[in-house]
Protein chains: 2
Amino acid sequence: MKRQRQAEQMTVLREMLDLRGAHFTRQRAAVFDYLNRVDHHPTAEEVFLAVKQGLPRISLATVYKNLEALVGCGAASKLTYGDGAARYDVRTDHHYHTRCLKCGRITDLEPEAGKQLLKLIKPPRGFKVEDYHLEVLGYCKSCS
Amino acid sequence: MKRQRQAEQMTVLREMLDLRGAHFTRQRAAVFDYLNRVDHHPTAEEVFLAVKQGLPRISLATVYKNLEALVGCGAASKLTYGDGAARYDVRTDHHYHTRCLKCGRITDLEPEAGKQLLKLIKPPRGFKVEDYHLEVLGYCKSCS
DNA sequence: ATTCTTGCAAAAGATTTGCAAACAA
DNA sequence: TTGTTTGCAAATCTTTTGCAAGAAT
């Protein structure tokens with residue numbers, strides 16, 4: 001059933017890419033697959049090192065291009081913090097997470113609060129809301 | 001009264017720096033003063049170009065060092081997004097803002113919602129909350 | 001006097017780009 | 001076939017660092 005799920009995800013990915021006129025490639029699939037497997041939000045470098053196991057000739061530039069392509073077609077999202085490198089995630093619908101100030105690990109928060117949160121937000125007149133992002137900073141269990 | 005306010009701010013800055021064993025310098029004061037004047041959240045480059053008007057010999061590295069010093073003593077805060085460069089702000093108590101996806105301009109949101117927001121946040125067990133950050137993404141009046 | 005800061009140039013880290021060959025549609 | 005992607009190297013952009021001279025405490 002794990003395999004079937006993966007196959008479904010790849011079909012969905014194919015469609016999402018197709019809508020943007022982008023091709024489905026082994027490298028792209030590998031990057032997407034890795035993002036689906038990990039439980040945290042890796043940097044491009046991390047993705048590169050992991051995907052290289054299966055595709056030894058892949059380059060870091062290709063990983064960057066593919067992460068960009070995945071974000072572009074909506075299959076992944078980019079999370080940027082002050083720690084140098086950007087992080088990537090397959091989920092585009094999670095806007096709530098915690099980030100450890102020591103180890104940098106990111107974990108998702110319950111999305112329940114989101115609905116209520118939206119009611120509280122009062123953007124300035126004329127501002128067209130497209131998305132929102134809530135980040136809770138602190139120290140995780142193993143770092144505190 | 002504008003001048004007096006500036007003088008007060010500088011006195012406060014002196015104290016904040018002193019607590020960390022940091023010196024008060026013309027360059028540092030100029031960077032801090034600029035952050036106090038602007039209505040948006042500039043990048044280090046922007047600060048550099050602006051401060052250079054009054055201190056033509058200042059270097060970009062000095063601006064970076066001073067922004068870091070200001071953040072270190074609590075006189076400023078650093079805001080990091082996916083658009084390449086970090087942005088800085090004198091206020092350290094504003095965690096709610098909007099960011100335009102087109103021009104990158106950042107404006108503050110009413111902090112009222114913060115109190116209620118905190119009640120909604122349920123971090124994982126063992127996570128020690130230090131800070132939080134809410135960002136609303138979209139298009140500002142002039143860009144939409 | 002001692003310690004910190006400046007300015008410069010060089011270095012480092014992350015990400016992007018140009019291009020010819022390879023691949024997907 | 002046509003347009004996109006790959007891999008490589010070089011380039012770019014942001015930020016940091018080493019160091020001697022200068023400024024603040």
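All heavy atoms count here, side chains included; hydrogens, waters and symmetry mates do not. So you know, we letter chains A, B, ... as the sequences are listed, proteins then strands, and number each from 1.
A donor-acceptor pair shorter than 3.5 Å cannot be found between the side chains of Q6(B) and N36(B).
Residue L60(B) is in base contact, counting any heavy-atom pair closer than 4.0 Å across all strands shown. Using a 4.0 Å heavy-atom criterion, one finds that Q27(B) contacts the sugar-phosphate atoms exclusively. When heavy atoms are screened at a 4.0 angstrom cut-off, D18(B) is found touching no nucleic acid atom at all.
Rounded to an integer number of Å, the gap from CG of N66(A) to P of dA24(C) is 13 Å. At whole-Å resolution of the value, CZ in F48(A) and C1' in dT15(C) are 14 Å apart. Across the protein-nucleic acid pair, E68(B) atom CD and dT6(C) atom C1' stand 16 Å apart, rounded to whole Å. Atom pair E46(A):CD and dT15(C):P shows a separation of 12 Å (rounding to whole Å applied). One interatomic measurement links the two molecules: CG of L70(A) to P of dT15(C), which rounds to 15 Å at whole-angstrom precision. One interatomic measurement links the two molecules: CZ of R28(B) to C1' of dT3(C), which rounds to 12 Å at whole-angstrom precision. As rounded to whole Å, 9 Å separates atom P of dA25(C) from atom CG of L17(A). The distance from atom CG of L67(A) to atom P of dT17(C) is 15 Å, rounded to the nearest whole Å.
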Let me check something: any side-chain donor-acceptor pairs from residues 43-58 of chain B under 3.5 Å, sequence neighbours excluded? List them with distances.
residue: T43(B); atom: OG1; partner: E46(B); partner atom: N; Å: 3.2
residue: E46(B); atom: OE1; partner: H40(B); partner atom: NE2; Å: 2.9
residue: E46(B); atom: OE2; partner: T43(B); partner atom: N; Å: 3.3

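Contact check, T62(B) against dG7(C): a side-chain N or O comes under 4.0 Å of OP1 or OP2.
Smallest separation of non-hydrogen atoms from L35(B) and P42(B): CD2-CG, 3.8 Å. Nearest approach of F24(A) to M10(A), heavy atoms of both residues: CE1-O, 3.9 Å. The nearest pair of heavy atoms linking D89(A) to L79(A) is CB-CD1, 4.3 Å. Among all heavy-atom pairs drawn from L13(A) and A29(A), the shortest one is CD2-CA, 4.4 Å. When all heavy atoms of F32(B) and Q9(B) are compared, the closest pair comes out as CE2-O, 3.8 Å.
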Assess whether side chain to side chain contact (heavy atoms under 4.5 Å, CB included) is satisfied between V31(A) and T62(A), documenting all intermediate values. CA-CA 10 Å; V31(A) 167; T62(A) 296; over 6 Å; no

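Residues L19(B) and C73(B) are not in side-chain contact: their nearest non-hydrogen atoms beyond the backbone lie 4.5 Å or more apart. Considering only heavy atoms from C-beta on, V90(A) stays 4.5 Å or farther from L70(A) through its side chain.
Grouped with V12(B) in one hydrophobic cluster are M16(B), the linkage being side-chain heavy-atom contacts under 4.5 Å among Ile, Leu, Val, Met, Phe, Trp and Tyr residues.
R28(A) contributes a side-chain N or O that, together with a main-chain N or O of H23(A), makes up a donor-acceptor pair within less than 3.5 Å.
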Could you list the protein-to-nucleotides 17-24 of chain D atom pairs, N/O on both sides, closer than 3.5 Å?
residue: dG18(D); atom: O6; partner: K65(B); partner atom: NZ; Å: 3.3
residue: dA24(D); atom: O3'; partner: F24(B); partner atom: O; Å: 3.4

Detail all sub-3.5 Å separations between protein N/O atoms and N/O atoms belonging to nucleotides 10-14 of chain D.
none

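In the helix from dA1(C)-dT25(D) to dA25(C)-dT1(D), the rotation axis of the first five pairs and that of the last five pairs differ in direction by 50°, rounded to 10 degrees.
For DNA chain C, no neighbouring residue in residues 50-57 of chain A is found when judged by any heavy atom under 4.0 Å.
The residue among Y88(B) and A69(A) whose nearest nucleotide of DNA chain D is located toward the 5' end is A69(A).
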